[in-house]
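Notes follow the structure.
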2 protein chains.
Amino acid sequence: MKDFIDKIKTAVENNETAVISANCSVSYSGRVESFLPAGDRLIIIKSDGNLLVHKPNGTAPVNYMKEGTKHEIVREENGFFLKSKNTFLKDFMNIHLHRIHFVNSHALEDGEDITVAGTEKHMAEMIMEKPELIEKGFKPLSLEEHTKYGFIDVFGHDKNNILVVIECKRQNGDLKAVTQLRRYVEKIKELKGLNKVRGILACPQISANAKQMLEDWGFEYKSIGPPKYLEKHKKGQKKLHEF
Amino acid sequence: MKDFIDKIKTAVENNETAVISANCSVSYSGRVESFLPAGDRLIIIKSDGNLLVHKPNGTAPVNYMKEGTKHEIVREENGFFLKSKNTFLKDFMNIHLHRIHFVNSHALEDGEDITVAGTEKHMAEMIMEKPELIEKGFKPLSLEEHTKYGFIDVFGHDKNNILVVIECKRQNGDLKAVTQLRRYVEKIKELKGLNKVRGILACPQISANAKQMLEDWGFEYKSIGPPKYLEKHKKGQKKLHEF
DNA sequence: GGGGAGAGATGCCGC
DNA sequence: GCGGCATTTCTCCCC
């Protein structure tokens, strides 16, 4: 146990990224309060102060502390504790380390960022490039038009010169998407002093309730999905799912 | 390198939770496509198939695979690859392991769940218990009233028997919260055939734009925050931030 | 730093 | 399973 504790101390002092596998219980106080009874978990301490507590299942961490958190190992009467404080956020965490399975650490260097293809933004850009995807005669004017009440994905006018507001969703359209579209259409009507502005929700699919609400309010639905191939795949290289 | 590879293989075969620190590049294809050039990262493989790739900074994983994913180490001409497939989700990941810093694993057992105090639900419950927090004479009727257009946090009537819809937010109220409230109020008006229904947004703070929109539509703002002390703290035990 | 909105959101609960 | 929604959302972008 003492060896593990020393390894953690050294790693934190040297700003390394550390991983601790341990049976522990976790108390947190900050934006909420939480308590997690004893169990085996993975604790990750990053060089920027981030701390993650992961259960052996699930994608999201069960507890965490944000960037800038300071960590300290403390021995008390009833055992060892990893105590973390983020003074700025008023976040506090207390991990009681009942038993440690392993500790590892390394100074990680990573200057590269991820590139993603297939986001909502790409979808909006695709519509700018190929306006006929919406309908014949549609003329897009701008991307991310900012208004006080939010910003609009695609903004343009149709073949009859009626203004059109398009809200893009890369996946299923839901009630939230329809209210969002409504908010933009109303704001544009008000700003431009217009009586008629069309609203189109562009997404691959739409829920029944959302479709009903869309129609109740006189808006339209156009089934479009995001483009999702990275350039390197466009150039005919082997696609990932072919390996 | 070969030792590390064997350790990974053994861990995955034995359904252990494994941690790999490595210089690697990551390709992903599924709901989107992504590519992450070479850098030092932490790779976590959980016993339920979840895989996380973490950069040395930030809270969220840069890449991940969900529960049920199958993992395999493959040696190809240009090196070692960790290949992951989730056939059901049509998700594919390919991690090129350029250099491994450490590998460790352990069979983790964790049957305990977290308890959280201070959520929006607790806030709604608090209002049910102490309706005077909203205003004198407010009589709450139900929690999470379900309508076709969404479900309402707290529903009741005021001292003049006017129906009141309350939307709770545990943190700052924004434009989305106001549109959400509006949707509920309108639906209740329609369902009950009423001309006047009050809408109250209950949250600790509200943005200037949201307040404006709220007032434009005749709704009200009540500054209330969620209760956030776990029972064990209420009972007079030392609070976490006092350590 | 706050506001506004997307996210490969995730996770929870209800039908 | 889908739908609707909160989240210690996180992250990005813009003012």
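All values reported here derive from a predicted model rather than from experimental measurement. Throughout, protein chains are lettered first and strands after them, A, B, ... in sequence-line order, and every chain is numbered starting at 1.
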What is the distance, rounded to the nearest whole Å, between atom [atom1] of [X] and atom [atom2] of [N]?
X: Asp113(A); N: dT11(D); atom1: CG; atom2: P; value: 12 Å
X: Ile206(B); N: dG3(C); atom1: CD1; atom2: C1'; value: 13 Å
X: Gln180(B); N: dG4(D); atom1: CD; atom2: C1'; value: 10 Å
X: Phe151(A); N: dA5(C); atom1: CZ; atom2: C1'; value: 5 Å
X: Ile114(B); N: dT8(D); atom1: CD1; atom2: C1'; value: 9 Å
X: Asn63(B); N: dG8(C); atom1: CG; atom2: P; value: 10 Å
X: Glu120(B); N: dC5(D); atom1: CD; atom2: C1'; value: 8 Å
X: Asn209(B); N: dG3(C); atom1: CG; atom2: C1'; value: 8 Å

OP1 or OP2 of dG3(D) under 4.0 Å from side-chain N/O of Asn172(A):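 Result: yes.
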
Backbone of Glu72(B) reached by a side-chain donor or acceptor of Lys85(B) within 3.5 Å: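 Judged by distance alone, no pair lies under 3.5 Å.
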
Cation-pi geometry met for Lys83(B) and Phe81(B) (6.0 Å, 45°):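 Yes, Lys83(B) lies over the aromatic ring of Phe81(B).
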
dG8(C) pairs with, by Watson-Crick or G-U criteria that keep both distances under 3.5 Å: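 The base-pairing partner of dG8(C), which may sit in any strand shown, does not exist here.
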
Spacing of the P atoms in dG11(C) and dT11(D) (rounded, Å):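 Between the two P atoms, the distance is 15 Å.
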
Distance between C1' atoms of dA7(C) and dC5(D) (Å, rounded):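 Between the two C1' atoms, the distance is 15 Å.
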
Sequence-aligned protein contact record of nucleotides 9-15 of chain C, with B where the base is within under 4.0 Å of a protein heavy atom and S where only the sugar-phosphate is: SSS----

Aro-ring/base stack Tyr28(B)-dG8(C), d under 5.5 Å, angle under 30°: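 Stack criterion met.
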
Nearest-nucleotide 5' precedence on DNA chain D, Gly173(A) against Lys121(B):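 Mapping each residue to its closest nucleotide by heavy atoms, the 5'-most match is Gly173(A).
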
Whichever of Asp174(A) and Asn50(A) has its nearest DNA chain D nucleotide further upstream toward 5':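 Its nearest nucleotide lies further toward 5', so the answer is Asp174(A).
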
